[in-house]
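Please read the structure below before turning to the comments.
Proteins get letters first, then strands, A, B, ... in listed order; numbering begins at 1 in each.
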Amino acid sequence: MNEIVTNSPFGPEDMARRRKRAIALALILAALVVLFFVTTLVRLGGSVAERAF
Amino acid sequence: MSDIDLTLPQSPAAVEGGQGTVKDYFALLKPRVMSLVIFTAFVGLIAAPGTIHPWIGFVALLAIAVGAGAAGALNMWYDADIDAVMKRTAKRPVPAGAILPGEALGFGLTLAIGSVLVLGLLVDYVAGALLAFTIFFYIAVYTMWLKRWTAQNIVIGGAAGAFPPMIGWVAVTGSVDMGAIALFLIIFMWTPPHFWALALWKKINADYTNAGVPMLPVVAGQDETRRQILIYTLLLFPITLLPSLTGTTGLFYTLAAAGLGVMFIYHSIRVYRLREGVEAETACKKLFGFSTLWLFLIFALILVEHAAGFKPFAPVLG
């Protein structure tokens with residue numbers, strides 16, 4: 001059947017660069033999530049569930 | 001039925017930018033400067049009285065490192081015009097065209113705000129405020145104002161590089177005291193002879209001259225720069241011994257730091273006396289190289305003394 005190719009302004013090299021940047025950003029965001037999570041645990045200390053309100 | 005080929009020639013992107021690689025963005029952070037910042041901040045963290053949870057200490061160092069990187073990126077944004085003219089900096093991502101100035105600005109601002117928030121919220125408010133001030137000082141006071149305006153740019157602006165050990169210290173103690181100030185003063189007084197030794201090199205001097213940056217050798221000449229290098233080195237010697245007066249270090253550090261200080265003065269005297277020919281250039285390069293090593297060793301000595309459990313002197317100051 002017919003193939004329609006869109007007129008993308010981004011060539012293969014551009015897309016590869018963007019993909020790598022996107023992966024780096026995703027990893028950094030994931031690391032931030034872990035950072036905040038672990039720091040919260042450390043700040044709260046132990047036996048959180050057993051403390052009185 | 002025949003296939004119809006609707007492939008059109010690629011048109012140029014409507015939006016500029018987006019060309020930087022991950023490596024380019026990492027280069028924006030000035031990784032070599034970051035490594036020195038991390039090390040001095042780490043020493044400040046360890047040398048400070050009191051304790052800090054290892055994870056919180058790690059978070060503090062990470063935030064300080066990212067803050068330093070943010071300052072580097074913002075500096076590269078603002079100084080793109082100067083960097084393009086200087087051979088030493090022409091290959092940086094912005095003058096090389098890999099990253100647009102606006103992209104560097106956005107990247108730097110995001111990291112600056114993020115690092116300050118992380119340090120302030122997760123570690124200590126005072127440390128976060130100090131990091132914010134450090135970034136502001138480096139960009140607004142040094143980069144935007146002093147660097148292009150006065151030959152004393154590196155003397156005053158060098159304070160930005162002196163804050164990291166103080167921030168590491170404050171992350172532990174929550175406040176600035178004489179011990180933190182002593183570490184600050186060591187780097188503050190070290191900065192002028194270190195960078196002026198670099199600025200005396202023929203190629204570097206030519207670079208700054210072409211770019212119109214008023215470094216001391218460009219404005220006041222080589223002889224005056226050599227004189228001031230010697231003066232600052234002599235002033236640095238007693239300042240290096242301040243940690244022993246604030247109760248941070250003891251005999252081991254005092255003796256070793258004194259020995260290193262004598263070597264620093266020796267190199268500075270050679271730069272002062274040798275003013276012509278290859279010998280003069282070599283003396284400047286040796287001073288620059290030694291001063292880099294000196295700073296690392298001084299802070300490493302503080303670390304070693306602390307790790308070995310040597311008793312510090314009783315504080316006389318603070």
Side-chain angles (χ1 to χ4, degrees), chain A, chain B residues 1-29 51-63 65-66 69-70 93 97-100 103 106-107 110-111 113-115 117-125 128 171:
Chain A
M1 279 298 290
N2 299 342
E3 273 193 17
I4 300 172
V5 177
T6 56
N7 189 16
S8 167
F10 304 122
E13 279 176 19
D14 285 324
M15 292 311 294
R17 218 166 15 232
R18 285 175 184 277
R19 186 179 158 75
K20 281 183 188 163
R21 286 205 307 259
I23 290 170
L25 200 54
L27 289 173
I28 289 168
L29 288 171
L32 269 177
V33 168
V34 170
L35 187 85
F36 276 86
F37 180 70
V38 175
T39 305
T40 305
L41 291 180
V42 168
R43 283 283 192 202
L44 284 174
S47 305
V48 174
E50 291 158 19
R51 284 183 209 161
F53 280 100
Chain B
M1 280 214 351
S2 60
D3 284 335
I4 300 170
D5 181 8
L6 290 176
T7 310
L8 297 171
Q10 210 169 37
S11 65
V15 181
E16 270 189 314
Q19 303 301 310
T21 60
V22 173
K23 206 172 159 188
D24 291 327
Y25 278 96
F26 186 69
L28 275 184
L29 304 177
T51 56
I52 188 168
H53 190 283
W55 177 260
I56 303 297
F58 165 73
V59 172
L61 288 177
L62 182 66
V66 171
I99 293 178
L100 294 178
E103 290 173 329
F107 183 63
T110 304
L111 290 185
I113 294 168
S115 61
L117 282 176
V118 165
L119 189 61
L121 292 175
L122 302 189
V123 180
D124 183 82
Y125 288 119

- Spell out the residues in residues 18-28 of chain A that have some non-hydrogen atom less than 4.5 Å away from a non-hydrogen atom of chain B, in order of number; otherwise answer 'none'.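 The list, in residue order, reads A/R18, A/K20, A/R21, A/A24.
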- Message: Restricting to side-chain hydrogen bond (donor to acceptor under 3.5 Å, both in side chains), what partner residues turn up for B/E103, sequence neighbours left out?
- Response: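 With sequence neighbours excluded, B/E103 shows a side-chain hydrogen bond (donor to acceptor under 3.5 Å, both in side chains) to no residue whatsoever.
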- Message: Within this structure, what is the CD-CD distance for the pair A/E13 and B/Q19, rounded to the nearest 0.5 Å?
- Response: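 Spacing of CD (A/E13) from CD (B/Q19) equals 9.5 Å.
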- Task: Would you sort out whether A/L35 and B/L122 count as a side-chain contact (heavy atoms from CB on, under 4.5 Å), showing the intermediate values?
- Result: CA-CA 9 Å; A/L35 187 85; B/L122 302 189; 4.2 Å; yes
- Which region of B/L62, side chain (C-beta onward) or backbone (N, CA, C, O), has a non-hydrogen atom less than 4.5 Å from a non-hydrogen atom of chain A, or is it both or neither?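 Contact with chain A is through the side chain of B/L62 alone.
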